[in-house]
Amino acid sequence: MPEQTIESFSIKRLEILSETGDADAALMPPLSEEQIKELHELLFVTRTFDGRALNLQREGRLGTYAPVLGQEASQVGSAYAFEKTDWLFPSFREMAVFMTIGYPMNMIFQYWSGDERGLKIPDDLNIFPISIPVGTHILHAVGAAMAMKYKGDKKAAGVYFGDGGTSEGDFHEGMNFAGTFKAPVVFICQNNHWAISVPRERQTAARSLAQKAVAYGFEGIQVDGNDVFAVYKATRDAVDKAKRGEGPTLIECVTYRMADHTTADDASRYRTKEVSEAWKPKDPIVRLKLFMEKKGIWTEAYQKELEEKSKARVDEWVKMEESVEKPSPKDMFMFTYEKPTPRQLKEMGDF
Amino acid sequence: MPEQTIESFSIKRLEILSETGDADAALMPPLSEEQIKELHELLFVTRTFDGRALNLQREGRLGTYAPVLGQEASQVGSAYAFEKTDWLFPSFREMAVFMTIGYPMNMIFQYWSGDERGLKIPDDLNIFPISIPVGTHILHAVGAAMAMKYKGDKKAAGVYFGDGGTSEGDFHEGMNFAGTFKAPVVFICQNNHWAISVPRERQTAARSLAQKAVAYGFEGIQVDGNDVFAVYKATRDAVDKAKRGEGPTLIECVTYRMADHTTADDASRYRTKEVSEAWKPKDPIVRLKLFMEKKGIWTEAYQKELEEKSKARVDEWVKMEESVEKPSPKDMFMFTYEKPTPRQLKEMGDF
Amino acid sequence: MPKMNMVQAINLALKEEMKRDNNVVVLGEDVGRDGGVFRVTEGLLDLYGSERVMDTPLAESGIVGTAIGMAAYGLKPVAEIQFMGFIYPAVDQIFNHAARIRSRCRGRYTVPLVIRTPYGVGIKSPEHHSESSEAHFCHMPGIKVVVPATPYTAKGLLISAIRDPDTVVFLESARLYRMIKEDVPEGEYTVPLGQARIVQEGRQVTVIAWGSMLHRALQAVSTVDAEVIDLMTLLPFDEETVYKSVKKTGRVVIVQEAPKTGGFGAEISASIAEDAMLYLKGPIKRVTGYDVVLPLPKLEDYYMPTVNRISKAIEEVLKY
Amino acid sequence: MPKMNMVQAINLALKEEMKRDNNVVVLGEDVGRDGGVFRVTEGLLDLYGSERVMDTPLAESGIVGTAIGMAAYGLKPVAEIQFMGFIYPAVDQIFNHAARIRSRCRGRYTVPLVIRTPYGVGIKSPEHHSESSEAHFCHMPGIKVVVPATPYTAKGLLISAIRDPDTVVFLESARLYRMIKEDVPEGEYTVPLGQARIVQEGRQVTVIAWGSMLHRALQAVSTVDAEVIDLMTLLPFDEETVYKSVKKTGRVVIVQEAPKTGGFGAEISASIAEDAMLYLKGPIKRVTGYDVVLPLPKLEDYYMPTVNRISKAIEEVLKY
Ligand SMILES: Cc1ncc(C[n+]2csc(CCOP(=O)(O)OP(=O)(O)O)c2C)c(N)n1
Ligand SMILES: Cc1ncc(C[n+]2csc(CCOP(=O)(O)OP(=O)(O)O)c2C)c(N)n1
Ligand SMILES: [Mg+2]
Ligand SMILES: [Mg+2]
């Protein structure tokens, strides 16, 4: 009995919408015109929001901010595939996810201005607060999914992280728990090719991130992350599968971080302009626009209206954010525990 | 451009020596008769050592002990494939590894009796001390391998861990660093089917542990861990590959923990006798003996001599261990830092 | 009333709380079929099934991190870390998440989680099986730290911990597990968190201890008119009870199993030196483990505070 | 002599030590091409190449764990953790291995490793970018903890740390990085570990601080005859210098940026209360961060000890 092959795997990549705006009819998910327009609007208003955030930061009105430019389709397409009762677990760059679920975006401005109250999640939204320590929140999503399963709730959890996040031990432990307990969770990895200055190839020797699922005995799939239809379809399939009790899925959305890592970063130190220029033709919004144009649902007038509407919404969020009262120093003490400790009460006397 | 397959992988399993003692001639590594006898002796004396350790523990002369029964071939076959200048990183069950490299086994008794001095590694042996926290020492092996590469030393590192160890974050981070830096390291996973009471199937949903290498972009291979030739060949190939600068390999040795997890454990609480009985015919020593018999290098006389010699060696180690002076309480303070701190010097005044 | 050791008392608390509340689940390494390496979770699997008593993969950050997700979703997980020496991979989840999620989202999500783990020297185990690292957890606002010293209080404190709305690190002295038996009522009772217990009243010296050290402290005071305080909750600790006693006695000895430097004894001493200094008659003494890497069993008895060392410290402070 | 800020001084120490000794290597997230998010490792990649200045995958346990292996093999790694709030995944490697390997094998292998990380409030950053968790590391025999407060000492201490045969956790106040400039000589000099520095002599009160708090302490004492001690090394701390000063002044204020409970200030206070109590005229005051989850930038200035709070504490102890 010599050498024998005991297992074989293959990793698939899904693309639906070409750079020229043509969709593969066989794979195209059932989306109405209204829904397609909604997706387009979500992409667009996110980009407007994102640009404004950069401006506000430059004016000193926000703190450090992590732009989402270029990755909007990975986030909108995936978040759109969940239901309102599902639970989402964002990392720190998921502005488009918050947008898609209808989060009060003035509060996101508030958060980035350095105010915890921006993450006081409204009761009717099931999204976790922004998690800064890379990869760590993956376990929370898995745990929540295990709880959903235990409770018999027909829900799924979705968790967002980057290519860098796949290197952390918590990614591994989360993926492994999810596989072992067949938890209803969808792992959404935005491979935007960079973890601050570290390029994707130096993050891991694996040729795809999707193939990391092999280690945990469940399916991994790569999608064109700038193709909102492909992202939506892959996520939707994974959510449905999770709810059927068939366990987790890893989705690698291949996209690109078009901007600096954050406003504290200067990407020109470690990458040339050319490499990001090369990604411009793949822009998720351009591509969807071409598709809509071909379908006759994109017109100059529609675009103009969208731009005005987006600007107005963002203006409104900025205004709302700026009208918020300053937090009280006493707030520091109010959420450490359910009730302040005797020592905290004494300390509060300073204010 | 619809769904396409972007990657394909397959996992191989290597077996050379059958349960009836027949070896696959095409795969058989070039081992002399002397070497084969040496392997057999190493397996046998380890088993003698292991049995004695259990007895000593029962008599209260050792503390908790982790028996190696059933896994000898995985350890002897792999350790035998390294050179003396290579560095090995054991977990806590690697008695056969220590035996194979010629470690003073009286010191291993001394260690399990609760005395650090048993791990004062002789200067001419490159083995790390026993590491108890599961999976954590994997990173040390990878770091040492990175250092070997940096220094231009033609060496490899070998690291031992169990099926349970593959679940820890440090396994993941170590595998990923090794892949990324193409470190000359061989990962030797003894899948003995149990992590204390947790069976292999509940440790991960992956069908093999070898396939976990896919996540890191390098080769993983499964071998029959009770087949000393297969283990030797796979390890030797991996060591050579590492030294050629071609990076790491994961070897899954499929074996079985025939005894309790440790002397503090009672395996009958969580597994039936039958399941371990089923592994008896696969015993690594029986199998090698049948092979040697067929080759005419095993005789009753040889066996008798081996038994006597093994017993004598183990007796000698026990005697040596028991003649060791008690450690001094002051020893506690001598190895925390290179030099005791002023506070420690004060504390030492108590003794 | 049945006499129980600490293993039995804790086991009973788990059984009763799981019966009372379906949201209480147990997870960890070997907690199911094996009943835990110390048998603390024995019988839970048979009573409540593998969906509620989860044998997890071997990954401490995974255990605590998923438990955080469960807690935020509405369960009340009781996670076991097999030995305190293996809790460190979970420190990130405990410090950066369990302690902070309430604050991060201003109370929308909370983490009512209990992390149980055996600690301490005294069972002749291999390396990393004897740590008492409570001080690390006591320097992290957002979590609570509880260390019972007796079967009765262990049950009542664990019930309080499970019902507590915040994350509680619950430390069980492995040396005490089967050392003492005492009356432990079946059925519900609680011992409140944040309150110390005066085990013995006295006037000459205040001896403060927790967990396994309490019993050595009690042995050491047999011939002295000492007030002995069992701290029980370390974070937040019961300053009032401590200061009241110090005001009465004017002398303090603190006994801690962990290495001296940076141990929790330092916080108690510093608090007294700040808020009750004027009542002190002399130095505050700490009797602690030494500042060394914890030795293997052959030397572990030398490492731990002995009754003799405690007595000597008491004698010394009585000189003032 | 060139004037340098702390970033430049530390950068210079790294350059010089790497030039002197081929075994010194640098690893961490973004330490190579990017030169570190604070530019502390700027220029090293160009000087010494990517084999010695390693951009690692995003994994803190991996960084410290592999660095331990490198150190044991004979290198002298300087590992960077991008922010102290991200050091927790590496705590297991630091506590269970870096601190213990020497002891585990009785000195056959050692871990001459430096772990550098920026700490502290004051750069208006997101959550987890403002921690000062030095106390956790000060309760771990086997490692050393160093916190420089000035560019000159930073360079000299880092050179000592790199040459030290044990693992050193080296904490750099992000707030100080570019705040102060002072003369820093090029070329070799060391500032010894384990020794405190009297920044200002005085007779009425001893003010003890480290890192960023030193400068606030100095501001607060401008009108008082205070002795100000810059601790520099926290573990092991220079008891002699501290006690000598306390004996002289009889009054103590300790300033620490971390939350109060269980912070390193407690150890200093407790040590004094134990070994120098009889020289004290009144309570030992700690001025510290509050016992809360560290707030985001809008409230961070309220969290930190202010000059005003330090002054008030000094006034109070001066009453005795
Ligand atoms: C545990 C941890 N280590 C380091 C950091 C600092 N840091 C913030 S983002 C980042 C890179 C993240 O890369 P990736 O996961 O690919 O996400 P992306 O930024 O590309 O969205 C790093 C190193 C952190 N936040 N958490
Ligand atoms: C980090 C850590 N967690 C828990 C333990 C307790 N423990 C010791 S061995 C073991 C099981 C190990 O299983 P495996 O890795 O398969 O090795 P085996 O015991 O089968 O050789 C556990 C849970 C430990 N030593 N380290
Ligand atoms: Mg990225
Ligand atoms: Mg095993």
Side-chain angles (χ1 to χ4, degrees), chain A residues 63-66 92 110-119 129-136 162-171 195-199 202-204 261-262 264-267 269-271 326-336 340-341 343-344 346-348 350-351, chain D residues 28-39 42 45 50 54-63 65 82-83 85-90 92-93 123-131 259-261 287-303 305-306 308-309 312:
Chain A
T64 308
Y65 173 77
F92 48 81
Q110 191 181 354
Y111 167 73
W112 288 111
S113 81
D115 185 340
E116 283 83 356
R117 294 170 303 171
L119 290 184
I130 283 174
S131 176
I132 303 275
V134 168
T136 56
D163 42 317
T166 64
S167 295
E168 287 282 2
D170 279 358
F171 162 81
I196 309 188
S197 72
V198 178
R202 294 196 55 115
Q203 198 60 243
T204 177
H261 169 69
T262 65
D265 176 51
D266 172 9
R269 294 178 63 87
Y270 52 79
R271 73 184 191 194
K326 281 202 178 156
S328 151
K330 288 200 185 193
D331 281 6
M332 281 194 294
F333 299 90
M334 301 313 295
F335 296 96
T336 305
T341 63
R343 184 167 279 195
Q344 286 184 310
K346 211 165 113 189
E347 292 176 343
M348 281 170 79
D350 285 1
F351 299 99
Chain D
E29 294 156 15
D30 307 292
V31 296
R33 182 59 58 216
D34 196 36
V37 296
F38 288 104
R39 312 289 173 250
E42 182 151 32
L45 181 76
S50 65
M54 294 169 260
D55 275 326
T56 66
L58 211 176
E60 288 74 15
S61 188
I63 291 167
Q82 204 160 75
F83 286 91
F86 307 131
I87 203 171
Y88 302 123
D92 188 47
Q93 286 292 339
I123 49 159
K124 299 271 178 217
S125 267
E127 200 187 345
H128 309 285
H129 289 69
S130 310
E131 320 305 304
K260 180 173 193 169
T261 303
V287 185
T288 70
Y290 296 108
D291 283 297
V292 299
V293 171
L294 240 158
L296 293 188
K298 284 251 161 112
L299 291 178
E300 68 179 29
D301 287 342
Y302 296 100
Y303 165 80
T306 55
N308 188 33
R309 281 171 63 204
K312 269 177 61 185

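Just so we're clear, the structure is a prediction, and the values are computed from it rather than from any experiment. Note on naming: letters A, B, ... go to the chains in the order of the sequence lines (proteins, then strands), and numbering restarts at 1 for each one.
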*Can you measure from NZ (A:K330) to OH (D:Y302) and round to the nearest 0.5 angstrom?*
13.0 Å

*Is any side-chain N of the basic residue among D:R309 and A:D350 closer than 4.0 Å to the acidic one's carboxylate O?*
yes

*Contacting region of D:F83 [heavy-atom separation from chain A under 4.5 Å]*: neither

*Count the heavy atoms belonging to other residues, nucleotides or ligands that lie under 6.0 Å from NZ of D:K312, then report whether that count exceeds 12.*
no

_Top of D:G35, D:G32, D:A59 for chain A proximity - count of heavy-atom pairs under 4.5 angstrom_ = D:A59

*asked:* At a heavy-atom distance under 4.5 Å, which candidate from A:G164, A:G63, A:P133 has the highest pair count against chain D?
replied: A:P133

*Under a 4.5 Å heavy-atom cut-off, does chain D meet the side chain of A:V198, its backbone, both or neither?*
both

_Sub-4.5 Å side-chain heavy-atom contact between D:K298 and A:R117_ = no

_From D:D55 atom CG to A:Q203 atom CD, the distance as rounded to the nearest 0.5 Å_ = 10.0 Å

*Sub-3.5 Å donor-acceptor pair from the side chain of A:Q344 to the main-chain atoms of D:D291, do we have one?*
yes

*chain A contact via D:V37 - which portion, at a heavy-atom distance below 4.5 Å*: side chain

*asked:* Taking atom CZ as the centre, does D:R33 end up with more than 12 heavy-atom neighbours from other residues, nucleotides or ligands that are less than 6.0 angstrom away?
replied: no

*Walk me through it: do A:I132 and D:H129 pass the test side-chain contact (heavy atoms from CB on, under 4.5 Å)?*
CA-CA 9 Å; A:I132 303 275; D:H129 289 69; 3.6 Å; yes

*asked:* I need the A:R269 CZ to D:D30 CG distance, nearest 0.5 Å.
replied: 10.5 Å

*Check whether D:T56 gets within reach of chain A through its side chain, its backbone, both or neither, counting any heavy atom under 4.5 Å.*
backbone

*From the options D:V293, D:L299, D:L294, select the one residue that forms a side-chain contact (heavy atoms from CB on, under 4.5 Å) with A:M332.*
D:L299

*CD/D:E127 to OG/A:S131 distance, rounded to the nearest 0.5 angstrom?*
8.0 Å

_Counting only non-hydrogen atoms closer than 4.5 Å, does D:E300 touch chain A with its backbone (N, CA, C, O), its side chain (CB onward), both, or neither?_
neither

*Taking A:A66, A:G165, A:P329 one by one, which has the highest count of heavy-atom pairs under 4.5 Å against chain D?*
A:P329

*Kindly determine whether A:D115 and D:L296 satisfy side-chain contact (heavy atoms from CB on, under 4.5 Å), including the steps that lead there.*
CA-CA 6 Å; A:D115 185 340; D:L296 293 188; 5.9 Å; no

*Which answer fits D:F86, side chain, backbone, both or neither, if we ask what part of it has an atom under 4.5 Å from a heavy atom of chain A?*
side chain

*Against chain D, label A:R343 side chain, backbone, both or neither, depending on which of its atoms sit under 4.5 Å from a heavy atom there.*
side chain

*Heavy-atom distance under 4.5 Å to chain D: side chain of A:F171, backbone, both or neither?*
neither

